[in-house]
Amino acid sequence: MAVDLHKFANPARFLRITSAIFPWAAIVTVLLLAVGLYLALFASPEDYQQGATVRIMFVHVPAAWMAMSIYVMMAISSATGLIWKHPVADLSAKAAAPIGACFTFLALVTGSLWGQPMWGTFWVWDARLTSMLILFFLYLGYMAIWGSFDDQSKAGKAAAILVLIGAINVPIIKFSVDWWNTLHQPASVATMDGPKIHSSILTPLLVMGLAYTSLFLTIFIIRVKAEILGRRLRILRLAHVED
Amino acid sequence: MSLTAINLRCIRQDRLIFTDLGFSLKAGEILWVQGRNGAGKSSLLRMIAGLLKPVSGEIQWKGASVKEDPDGYQDQFRYIGHQEALKPVLSARENLQFWADFSGSHNVSAALKEFDLEKIADSPVGIMSAGQKKRTNLARLISSPAPLWILDEPISSLDTHYIELFKKQLEKHVAAGGMALLATHQDLNLPSVHKLDLDGPRGRNNE
Amino acid sequence: MSLTAINLRCIRQDRLIFTDLGFSLKAGEILWVQGRNGAGKSSLLRMIAGLLKPVSGEIQWKGASVKEDPDGYQDQFRYIGHQEALKPVLSARENLQFWADFSGSHNVSAALKEFDLEKIADSPVGIMSAGQKKRTNLARLISSPAPLWILDEPISSLDTHYIELFKKQLEKHVAAGGMALLATHQDLNLPSVHKLDLDGPRGRNNE
Amino acid sequence: MNKFTNLIIRDIRLAVRQGSAFTMTLSFFVVAVTLYPLGVGPELNILARIGPGVLWVGALLSCLLTLDRIFQADFEDGSLDQLMLGSLPIELMTLAKIIAHWLTSVVPLILITPILAVSLNMPADGIWVMMLALLVGSPVLSLIGAVGAGLTVGMRRGGVLLSLLVLPLYIPVLIFGVAAVEAAIAVLPMGPHILLLAGLSLGALVICPIAAAAALRLAVE
Amino acid sequence: MNKFTNLIIRDIRLAVRQGSAFTMTLSFFVVAVTLYPLGVGPELNILARIGPGVLWVGALLSCLLTLDRIFQADFEDGSLDQLMLGSLPIELMTLAKIIAHWLTSVVPLILITPILAVSLNMPADGIWVMMLALLVGSPVLSLIGAVGAGLTVGMRRGGVLLSLLVLPLYIPVLIFGVAAVEAAIAVLPMGPHILLLAGLSLGALVICPIAAAAALRLAVE
Ligand code: HEM
Ligand SMILES: Nc1ncnc2c1ncn2[C@@H]1O[C@H](COP(=O)(O)OP(=O)(O)OP(=O)(O)O)[C@@H](O)[C@H]1O
Ligand SMILES: Nc1ncnc2c1ncn2[C@@H]1O[C@H](COP(=O)(O)OP(=O)(O)OP(=O)(O)O)[C@@H](O)[C@H]1O
Ligand SMILES: [Mg+2]
Ligand SMILES: [Mg+2]
């Protein structure tokens, strides 16, 4: 067959491991989402100023966390792909990108829905919001690069270069609230001195965060599998054409 | 001075083009790479020129892997591909002059003379015919000399007169101890030419 | 059915390429346009195809000037130039299909078969080798048939096997009453071929 | 007629295959429009004031960037020669390519306009008129653009010359387009402006394919 | 070092010969900036308010249009292969081309800025700072642009993808550039902004040639 076997020895093991994890991840996701949504929408106290709108937070904040951490994960796995040429690295970054884009979009949408009651407008051009929008564009650009190359291994490297350059944006998002005076809230959970908010809010927030993470993991496994199998299929088809 | 390829394997877009390909070339020799369309001749030449990375295998120059001293190796060859690498708005002379400077040599007027380009040397390359462009491109071999010539279809669109002229240049080059890698479909009737056939067991019928 | 050129004169960028050039071609004949590089072969073929206007002189199809019925004339020939006119993102089949539809004919699968392209017909043209592209381009002659073929260096970058195949197609075409205009530097040893030499008194040494 | 639609379909298919053209033009539009608020600052009343202008200029510039797609690729790979030699009249061939360009590069812009308009704080009345004005006026962009693209097709790096030729001719569309939206926001009649845009479109529809065809005849020589 | 300057000189010469590149970029800048007053209306106080933003965005977009000039032509005619094979390290080769791009496409914009600024009713203090900010910040445009150009060089019609990749990364330059000018107009200290721009330039100078070189290695495969 027309392929380097060593290239696909690893993915085989990878597929085995992920197949084993997958059902658990799916179950955990469902449980955590159920608990998290219950805590967030029913059990948590209403804010004395904001009323029920404060509950947008439980969707918004973890989504923003995911948006950034998925990007960081993509950057790390792209770097791995560039340096050690590990075959699964590029594919896993590729598989994560659309999920990350969705979380970014979710954070943007929930943020602006929240902005309407809080700041009186859907959108302002301050540093946090803008850098988040840039993150969204970076995700789009990343996916566009994958779509634009015929040669997948080239596409992987090109996309990796973009992710790595764009990684500068992540600290900008994180610290924009400290560096510029923005409308947006400064950090209160993930700070140097530990969380600064009450546990009745912190708990559902963290549960939702975990729920999102395992949701990500579930979808991610499906997508990586599809990527690896898709690549195999393509090779088989070409090998078939050759004979 | 010698060029050796060991167990080269080429995969393009998940498709095996050739594998276990090896050859060795010494001063004064020519290697004629043969093979049907799509056999991988252009791919092989790009690989030897370092533009395409082999999936596995090694290329050695003077017995040492080229990976050890890529910059040193790059000075040792001249690659002429399908594309002309000529700027249409510059004249033949200006084009050659730039490439000569870029490789640190100074033989432009000799090169123009050898390839009979003097009369058109100062009109822009953009309005030249296919064969005239090809000759200007080939003239780089003289204006920026190097021991190893890597030539991908160097005589396509040359007329018979200029094919002869090119042959003479090639013979002169190897007689002076140079070496050449040549991919072409036309037989040039060169003496002392070695052949490498990509249709053989090393490659595969790729279609 | 006949093609006649009378007193054609070609000037490119204030430079006389040829003048007083005439020929006539009847059904079942091939005209091999010869000439050194820059003699004006490509220019002549583009002129016959109506892509370049002659400064003076006339081209006649079936005895009438082509200017009288340009659209009618355009259906009568197929022009294959240096460039491939193939979209890299489409497969060979899709490319041929589009051009066949565009000229109102339907022989795509026959064409793919004749030029031995069936195995690679569905991979994108962008990743094909030089010779594979050329064959796909030549297949248009079969998929969109026309009595007159105008071919500018049709066999460059074809290997010997496919040159033979192309020759057979050409012979079949003229045997069936077609005609062809051919510019190439390689002798194809075709029977019943007429020659037109642009280096003669009609043209000038252009360099 | 069959050849005509065939050509349109081919061009759309190429646009889709070549790296998802839709999403890219769109994203450029989005980026170009979002740059302005960044440059100008986030004050809502100023944004609302300059909103229609920013959107129209954004549409013009995005359209501009895609103009070279109309003929350049076909010229470079020799397809244009063949298209000129086909039995479809060159004017119709040009028109088919213009239509394909409008469908692939301009219509997506119109569809995304509402979202951008909201982010620029534009009132709802303005948004509908904005879309209407774009729908009626944007064919001019493709039509005039095709003439420019035809004139510069042979040139290496004709891109910037193209912008230079085409942008001044886009100015009337810009002026009436903005006027229509501002009229609507100010609750004034916007009919006359829309009619003028429609007139421009019709005029361009008659003249431009012919002019573009003439330009192409020059280009292939 | 000689090869390095030789390459810069060649690129400048090509830019001059190929249809007077200077004048074209310039004219695009002028047209893009003058479109705004047309779109927004001629009220002087609004114009003065949005002036710095419009100028910076105009510079960004004009620069964008010239980015594909950096590598595309060399790629298409095979020169890039040869440049990669030369004994000049690829990172330096890339840097030489970036410098040439900056000199031919960006510097002219800086020189014409004062005239446009006056036409936008910008106060004199603002104008000098505008030029200073452009001088310090614009190298980033060429540097980041080169990475985008390198990534998209192999693609047909990579232009729009190029904008999508590059424009978001231009945003910090835009924000600090405008901030500097507005600070100067408001007679506030503009030093920090200029320093930030300089920092961006230096950072990009270190990272971008390397990233662009990596991208080019991919492109020639
Ligand atoms: C589209 C608009 C918005 C965007 C793009 C956005 C973006 C973000 C991001 C990226 C984070 C994560 C920060 C971190 O982990 O340090 C975040 C957190 C947060 N956002 Fe938003 N946000 C938006 C609107 C809003 C609005 C309107 C509010 C409410 C007034 C809000 C309240 C918060 C809160 C409370 C946090 C948690 C901060 C923490 O405790 O660390 N956001 N947002
Ligand atoms: N850029 C590319 N990406 C992927 N595959 C390619 C690329 N270029 C060529 N190929 C494939 O690699 C194989 C070898 O191509 P190559 O150009 O080396 O052949 P060649 O021997 O030079 O043929 P020819 O005689 O037609 O020039 C072909 O099957 C072709 O389809
Ligand atoms: N686009 C053009 N503009 C101006 N002059 C041109 C152009 N193309 C070719 N010429 C000139 O016209 C002459 C004839 O060119 P043409 O391409 O017809 O030659 P040819 O016989 O096909 O040569 P070859 O064998 O090299 O292909 C040449 O001297 C060339 O310099
Ligand atoms: Mg080849
Ligand atoms: Mg020719």
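None of the values given here were measured: they were computed from a predicted structure. Letters A, B, ... mirror the listed sequences (proteins, then strands); counts begin at 1.
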Report, as yes or no, whether the 6.0 Å neighbourhood of atom NZ on K167(B) holds more than 12 heavy atoms from other residues, nucleotides or ligands.
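Counting neighbours around NZ of K167(B), more than 12 heavy atoms of other residues, nucleotides or ligands fall under 6.0 Å, so yes.
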Atom NE2 of H194(B): over 12 foreign heavy atoms under 6.0 Å:
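Enclosed: over 12 neighbouring heavy atoms sit under 6.0 Å from NE2 of H194(B).
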Does a side-chain heavy-atom distance below 4.5 Å link D81(E) with R46(B)?
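They are in contact (side-chain heavy atoms under 4.5 Å apart), so the answer is yes.
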Heavy-atom distance under 4.5 Å to chain E: side chain of [X], backbone, both or neither?
X: Y73(B); value: neither
X: F102(B); value: both
X: R140(B); value: side chain
X: D75(B); value: side chain

Main chain of E76(E), side chain of Q83(B): is a donor-acceptor contact present, judged purely on distance under 3.5 Å?
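Yes: the side chain of Q83(B) pairs with the backbone of E76(E).
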Verify, without hydrogens or angle tests, whether Q82(E) (side chain) and I80(B) (backbone) share a donor-acceptor contact under 3.5 angstrom.
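Flag not set: sc Q82(E) to bb I80(B) has no pair under 3.5 Å.
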Can you tell whether the side chains of D77(E) and K87(B) come within less than 4.0 Å, N to carboxylate O?
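A salt bridge is present here (some side-chain N lies under 4.0 Å from a carboxylate O).
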Hey, is E94(B) close enough to R13(E) for a salt bridge, meaning N to O under 4.0 Å?
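Yes.
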For R17(E) versus V89(B), what's the shortest heavy-atom pair and its separation?
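Minimum heavy-atom contact is NH1-O, 3.2 Å.
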If you measure from CD1 on I9(E) to CZ on F98(B), what distance do you get to the nearest 0.5 Å?
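Atom-to-atom, I9(E):CD1 and F98(B):CZ are 10.0 Å apart.
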Could you grab the distance from atom NZ of K3(E) to atom CG of D101(B), nearest 0.5 Å is fine?
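Between atom NZ of K3(E) and atom CG of D101(B) there are 10.0 Å.
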L7(E) versus chain B, heavy atoms under 4.5 Å apart: side chain, backbone, both or neither?
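Both the backbone and the side chain of L7(E) come within 4.5 Å of chain B.
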Relative to chain B, which segment of L80(E) carries a heavy atom at a distance below 4.5 Å: side chain, backbone, both, or neither?
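For L80(E), no heavy atom lies under 4.5 Å from chain B.
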